[in-house]
A.B. asks: 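Below you will find the structure I want to go over with you.
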Protein chains: 2
Amino acid sequence: MSKTKNILFIMCDQLRADNLSCYGHPHISTPHIDALAAKGTRFTRAYVQAPVCGPSRMSYYTGRYTFSHGATWNFVPLPVGERTLGDYLRPTGMRVAVVGKTHHEPDVAGMNWLGLSSSQGPGKLIATGGFEEYWRDDGIHPDAKTPHDLAYNQYLRGHGFDGTNPWHDWANSGTDAQGKLASGWLLRNAHLPARLPDEFSETAYTVNRGMDFITEQGDAPWCLHLSFIKPHWPYIASPPYHNMFGREDCLAPVRSEEERSDKANPIFRGFQEHPESVSFSIDEVRLHMQPTYLGLVKQIDDHLGRLMVFLEKSGRLDDTLIVFTADHGDYQGDHWQGEKEFMYEQGVCVPMIVVDPDETAQRGVVSNALIEAVDMVPTFMDALGLDIPDHIIEGRSILPLLRGAQTSIREAAFSELDFAIYPTARKLGLKPNDARMVMCRTERWKLVHFGPGLPPQLFDLQEDPLELNDRGRDGGAIYKAARDDLYQCLLEWMRQRRNRMGMTNQAVSQRPSPAAAGGVTIGVW
Amino acid sequence: MSKTKNILFIMCDQLRADNLSCYGHPHISTPHIDALAAKGTRFTRAYVQAPVCGPSRMSYYTGRYTFSHGATWNFVPLPVGERTLGDYLRPTGMRVAVVGKTHHEPDVAGMNWLGLSSSQGPGKLIATGGFEEYWRDDGIHPDAKTPHDLAYNQYLRGHGFDGTNPWHDWANSGTDAQGKLASGWLLRNAHLPARLPDEFSETAYTVNRGMDFITEQGDAPWCLHLSFIKPHWPYIASPPYHNMFGREDCLAPVRSEEERSDKANPIFRGFQEHPESVSFSIDEVRLHMQPTYLGLVKQIDDHLGRLMVFLEKSGRLDDTLIVFTADHGDYQGDHWQGEKEFMYEQGVCVPMIVVDPDETAQRGVVSNALIEAVDMVPTFMDALGLDIPDHIIEGRSILPLLRGAQTSIREAAFSELDFAIYPTARKLGLKPNDARMVMCRTERWKLVHFGPGLPPQLFDLQEDPLELNDRGRDGGAIYKAARDDLYQCLLEWMRQRRNRMGMTNQAVSQRPSPAAAGGVTIGVW
């Protein structure tokens with residue numbers, strides 16, 4: 001019997017793995033996250049199923065790949081027939097809640113079709129991606145779209161931070177030299193201190209609300225998705241985090257001139273022309289925001305320290321499985337990209353630390369096993385002793401990796417991006433059903449396929465870990481063989497999408513063969 | 001404006017195309033089906049999405065491929081989130097009903113999860129695959145599982161055909177030489193006359209009920225799925241159809257000794273060992289059932305003649321789109337196979353005749369265009385002037401083919417078979433998620449892929465239309481090139497599965513690029 005009674009599923013938004021000290025950053029110290037790594041397993045090859053918030057999170061929550069669950073980009077609803085974490089864990093009597101961000105978009109049309117209400121009955125949880133929204137806040141609140149009753153804004157107003165949108169005016173803005181409000185929406189203001197003390201920041205508030213929930217639960221079992229809004233943009237931090245780091249603390253950009261040349265992959269070149277890529281490729285911009293980004297990471301680490309003390313005092317460290325991860329990375333100018341929407345390691349390979357309270361679990365281990373976001377739901381179920389519905393869930397339990405029973409659970413990891421919305425797709429005339437890039441990453445290789453007639457990207461991660469030498473069109477025998485293998489791997493993966501939701505694999509295995517089913521005879525003389 | 005106001009969607013179960021005179025059978029005359037062909041377009045390359053009733057029908061009803069909709073074999077529920085024909089057409093005010101067979105299995109677990117009732121509200125239609133069940137009968141009624149209130153049995157009892165299961169005892173049994181009941185479940189009895197006059201047969205009853213429905217509708221628009229139970233087994237026919245044909249009327253089997261040798265594909269060889277394959281490969285068995293099968297086809301044609309007179313008299317021929325097709329074929333010993341579960345033409349290529357009442361439609365045309373079962377839903381929608389939700393529906397409207405505007409709508413047709421339940425898969429140790437065969441058929445070639453480590457089948461349909469020379473392992477350059485092309489074709493098809501149900505392609509196309517969405521700025525200095 002596993003010791004796991006509760007699950008603390010911590011997610012940061014847009015956190016690059018290499019901005020943590022346990023992942024090797026030379027100038028930031030994240031002792032509390034590092035302490036988790038020391039108590040559990042730190043994965044160096046954990047992949048998200050899409051380098052964009054919404055689809056990545058829906059893969060974390062459903063255990064299914066992006067083009068299986070169908071919420072393929074931000075604000076694309078999760079189809080009403082998709083089951084989530086809450087559907088799997090709640091029947092055990094566990095309370096399943098979110099504090100912070102989910103980016104879940106309800107399938108209103110689907111709910112109307114099935115006559116489901118978002119205010120009562122099963123529809124209530126369908127409308128929230130299966131989570132009880134203890135406190136839900138996606139952290140993106142332009143003035144024009146922010147509801148007056150946003151909980152965090154009400155909280156801020158209660159502490160004297162007034163206005164129609166204190167989220168923006170206090171938590172995500174600074175004051176310029178002329179004493180005017182300087183919006184965090186603009187990167188030029190990233191160096192300014194936010195107009196709010198740290199204790200009222202979104203990060204602090206998230207941890208506070210998380211502790212409220214855990215306290216409220218007492219000894220009753222819970223799964224808490226503690227989902228930080230930061231270090232996602234707007235990039236602006238409360239003091240002292242706003243100037244805790246300087247330009248000298250920033251990592252050198254990973255990029256080459258050849259990547260900008262005609263030799264580079266045309267889709268990749270197209271993405272370099274997107275506004276955010278152009279912006280972050282400018283050193284001045286990058287070096288202006290990165291110190292703040294590091295500050296936001298440090299702030300999360302400090303507040304996680306608070307949380308860990310709380311958990312230790314309450315005894316919850318003994319019976320709680322803890323995951324610390326991110327929904328995707330951030331390029332910050334690497335490979336001439338801004339944001340996260342491509343298949344380079346900075347975008348799709350995320351920090352992933354898992355602490356299993358079980359006695360059999362290893363401590364302080366670093367694992368190079370290929371794992372995926374879709375593995376979280378089955379891991380939680382496995383830790384709780386539940387049968388994993390592997391006719392629906394496409395991920396695998398990583399418990400054997402945590403407990404030293406195996407060193408690998410798969411030969412390849414996959415990620416997908418619906419890029420129909422991006423200028424590059426539109427410029428190339430790719431239609432919505434066609435603008436899908438897909439990555440297959442094995443121990444040695446990474447292939448990114450863009451579609452027929454478009455050259456793939458191929459990287460030899462052994463020889464070229466920085467992914468600067470694209471072998472997608474290289475005629476060398478080794479590269480040709482690698483492409484053949486990886487394409488076969490992609491095909492087999494796609495062949496196995498799991499949409500047979502109505503019948504378990506066990507039921508299929510136990511069914512009698514057709515010619516011998518109850519009372520029916522087929523082809524019998 | 002199209003003239004289509006109603007849709008008559010006629011399906012036969014297990015009808016091989018080449019058992020109709022318009023498809024070239026030399027010894028049967030099917031004048032009423034041929035008359036439909038003379039009034040419309042007859043397709044020679046219409047493919048079902050699975051050579052098994054349930055999944056094939058769910059593709060017809062959803063417009064989605066087998067492993068997209070997820071009802072991958074008989075009795076596998078159609079997942080609750082899958083929309084069907086009824087969902088698309090009913091909102092226009094059209095009554096959408098079935099008379100006969102659907103083989104739809106409700107997703108009871110999914111309905112319970114969402115709190116849907118099968119007796120009221122939206123769940124009522126979800127429970128029946130979107131059809132109003134005017135008269136639903138799947139036509140497979142072993143004594144032990146037949147409900148006492150089966151409508152057809154009640155009808156028979158009302159006409160003096162008594163017993164607990166008159167479906168079996170009268171409609172699907174004969175009388176042997178000793179005067180004893182001879183069950184149609186056994187092929188040896190196929191030559192006997194059923195114990196029921198033709199006018200009370202399932203086929204006659206199906207047409208009667210269809211006419212009742214159409215009469216009831218008067219001038220109100222309708223979509224009727226008139227779905228014959230026959231010529232599916234039990235193979236036994238009412239007089240005069242039981243002995244209308246003889247052994248001399250049967251087609252010679254299509255098979256070769258090489259197909260049984262070690263040179264043949266191992267999966268294909270495995271299927272040859274299934275009991276029904278062994279049985280139908282025996283000439284005595286085949287020649288005993290085929291005349292009855294032809295009789296059952298002739299019976300359908302005769303009753304369709306009745307229906308056509310009725311439609312003409314009521315004026316419905318002028319405003320009704322008519323489709324005549326089948327859910328899959330029947331091997332009858334061809335390629336040493338029984339039943340239908342493989343990717344040879346006899347199994348997956350079905351009769352398909354479409355009569356479009358529009359003035360612009362062509363008459364008496366034969367089309368070699370590659371079309372698929374998934375094309376039916378979008379064709380119906382197109383004929384009714386509805387927008388096709390092509391972010392969900394994977395088929396395409398064939399209206400341009402019917403009206404001469406195009407001669408092709410796709411370069412390849414696909415079919416899939418979940419063969420986890422068959423002895424061959426179990427013998428090879430293929431797990432449920434892995435036992436999936438997939439076919440890609442282009443103008444010239446057909447590739448059948450079985451999985452990693454298993455040789456594919458490849459047929460050059462131009463040089464080898466009977467599919468007797470498997471080139472799956474042939475090292476010839478032309479075959480190698482064909483395999484490469486077809487595998488790429490498979491990959492592209494799989495890459496485009498349409499599960500983004502919550503957002504239309506049009507909405508995706510019209511969305512602003514990420515860096516410019518309302519009030520949010522990303523990467524702006």
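Residue numbers begin at 1 in each chain, while the letters A, B, ... track the order of the sequences. Only this structure's heavy atoms are used, side chains among them; waters, hydrogens and symmetry mates stay out.
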A.B. asks: With only heavy atoms counted, which part of A/Leu116 is less than 4.5 Å from chain B, the side chain, the backbone, both or neither?
C.D. replies: side chain
A.B. asks: Find the one option among B/Met289, B/Met494, B/Arg495 whose heavy-atom pairs under 4.5 Å with chain A are most numerous.
C.D. replies: B/Arg495
A.B. asks: What part of A/Pro423 lies closer than 4.5 angstrom to a heavy atom of chain B: side chain, backbone, both or neither?
C.D. replies: both
A.B. asks: Could you tell me whether the side chain of B/Asp330 reaches within less than 4.5 Å of the side chain of B/Lys340, counting heavy atoms only?
C.D. replies: no
A.B. asks: Between B/Arg83 and chain A, which part of the residue has a heavy atom less than 4.5 Å away: side chain, backbone, both or neither?
C.D. replies: both
A.B. asks: What part of B/Gln496 lies closer than 4.5 angstrom to a heavy atom of chain A: side chain, backbone, both or neither?
C.D. replies: both
A.B. asks: Using the test side-chain hydrogen bond (donor to acceptor under 3.5 Å, both in side chains), find all partners of A/His69 that sit at least two apart in sequence or belong to another chain.
C.D. replies: A/Ser59
A.B. asks: Look at A/Gly451, A/Cys489, A/Ala420, A/Ala190 and state which one has the largest set of heavy-atom pairs under 4.5 Å with chain B.
C.D. replies: A/Gly451
A.B. asks: Find the distance between CZ (A/Arg498) and CZ (A/Arg500) and round it off to the nearest 0.5 Å.
C.D. replies: 9.5 Å
A.B. asks: Step by step, work out the side-chain hydrogen bond (donor to acceptor under 3.5 Å, both in side chains) result for A/Asn499 and B/Arg64.
C.D. replies: CA-CA 12 Å; A/Asn499 293 330; B/Arg64 289 162 54 75; over 6 Å; no
A.B. asks: Under 3.5 Å, is there a donor-acceptor pair between the B/Thr424 and B/Glu273 side chains?
C.D. replies: no
A.B. asks: Kindly assign one of parallel, tilted or perpendicular to the pair B/His274 and B/Tyr422, based on the angle between their ring planes and the thresholds 30° and 60°.
C.D. replies: parallel
A.B. asks: Grab the two heavy atoms, one from A/Pro51 and one from A/Glu416, that are nearest each other, plus how far apart they are.
C.D. replies: CD-O, 3.8 Å
A.B. asks: Pick from B/Asp87, B/Val438, B/Val108, B/Ile126: which one has the most heavy-atom pairs with chain A under 4.5 Å?
C.D. replies: B/Asp87
A.B. asks: Check whether B/Leu491 gets within reach of chain A through its side chain, its backbone, both or neither, counting any heavy atom under 4.5 Å.
C.D. replies: both
A.B. asks: Which atoms of A/Asn433 are under 4.5 Å from chain B, going by heavy atoms: the side chain, the backbone, both sets, or neither?
C.D. replies: both
A.B. asks: State, with a plain yes or no, whether a side-chain heavy atom of A/Leu447 is found less than 4.5 Å away from one of A/Met439.
C.D. replies: no
A.B. asks: Below 4.5 Å, heavy-atom pairs only: which of B/Ala425, B/Pro452, B/Ala435 has the largest tally toward chain A?
C.D. replies: B/Pro452
A.B. asks: Could you look at A/Leu114 and say if it's the side chain, the backbone, both or neither that has a heavy atom under 4.5 Å from chain B?
C.D. replies: both
A.B. asks: Evaluate the criterion salt bridge (charged side-chain N to carboxylate O under 4.0 Å, His left out) for residue pair A/Asp434 and A/Lys431; output intermediate values, then yes/no.
C.D. replies: CA-CA 5 Å; A/Asp434 197 27; A/Lys431 292 188 181 156; over 6 Å; no
A.B. asks: With respect to chain B, which residue among A/Thr66, A/Val285, A/Leu125 yields the maximal number of heavy-atom pairs within a distance under 4.5 Å?
C.D. replies: A/Val285
A.B. asks: Heavy-atom pairs under 4.5 Å with chain A: which of B/His391, B/Met501, B/His449, B/Arg436 has the most?
C.D. replies: B/Arg436
A.B. asks: Which atoms of B/Glu105 are under 4.5 Å from chain A, going by heavy atoms: the side chain, the backbone, both sets, or neither?
C.D. replies: neither
A.B. asks: What's the spacing between B/Ile522 CD1 and A/Trp185 CH2 if we round to 0.5 Å?
C.D. replies: 8.0 Å
A.B. asks: If I compare all heavy atoms of A/Leu486 with all of A/Cys440, which pair ends up nearest, and what's the gap?
C.D. replies: CD2-SG, 3.7 Å
A.B. asks: Heavy-atom distances under 4.5 Å only: say whether B/Tyr487 touches chain A with side chain, backbone, both or neither.
C.D. replies: both
A.B. asks: Heavy-atom pairs under 4.5 Å with chain A are the metric here; pick the option from B/Glu82, B/Gln510, B/Met503, B/Arg188 that has the most.
C.D. replies: B/Arg188
A.B. asks: Heavy-atom pairs under 4.5 Å with chain A - which of B/Ser183, B/Pro91, B/Pro432, B/Ala109 has more of them than the others?
C.D. replies: B/Pro432
A.B. asks: Rounded to the nearest 0.5 Å, how far apart are CZ of A/Phe75 and NE2 of A/His104?
C.D. replies: 13.0 Å
A.B. asks: Would you check if there is a donor-acceptor pair between the side chains of B/Gln14 and B/Glu339 at a distance under 3.5 Å?
C.D. replies: yes
A.B. asks: Is chain A contacted by the side chain of B/Asp418, its backbone, both, or neither, given a heavy-atom distance below 4.5 Å?
C.D. replies: side chain
A.B. asks: Report which part of B/Trp233 has an atom under 4.5 Å of a heavy atom belonging to chain A: side chain, backbone, both, or neither.
C.D. replies: side chain
A.B. asks: Heavy-atom cut-off 4.5 Å, strictly under: side chain, backbone, both or neither for B/Ile140 against chain A?
C.D. replies: side chain
A.B. asks: Which bit of A/Tyr235 is near chain B, if near means a heavy-atom gap under 4.5 Å: side chain, backbone, both or neither?
C.D. replies: neither
A.B. asks: Checking A/Trp73 against chain B: side chain, backbone, both or neither under 4.5 Å from a heavy atom?
C.D. replies: side chain
A.B. asks: What class does the angle between the rings of A/Trp167 and A/His141 fall in, given that below 30° is parallel, 30 to 60° is tilted and above 60° is perpendicular?
C.D. replies: perpendicular
A.B. asks: Go through A/Glu492, A/Gln488, A/Arg497 and name the one with the most non-hydrogen pairs under 4.5 angstrom from chain B.
C.D. replies: A/Glu492
A.B. asks: Heavy atoms only, distances under 4.5 angstrom: which of A/Val508, A/Ile421, A/Thr72 has the most pairs with chain B? Name it, please.
C.D. replies: A/Ile421
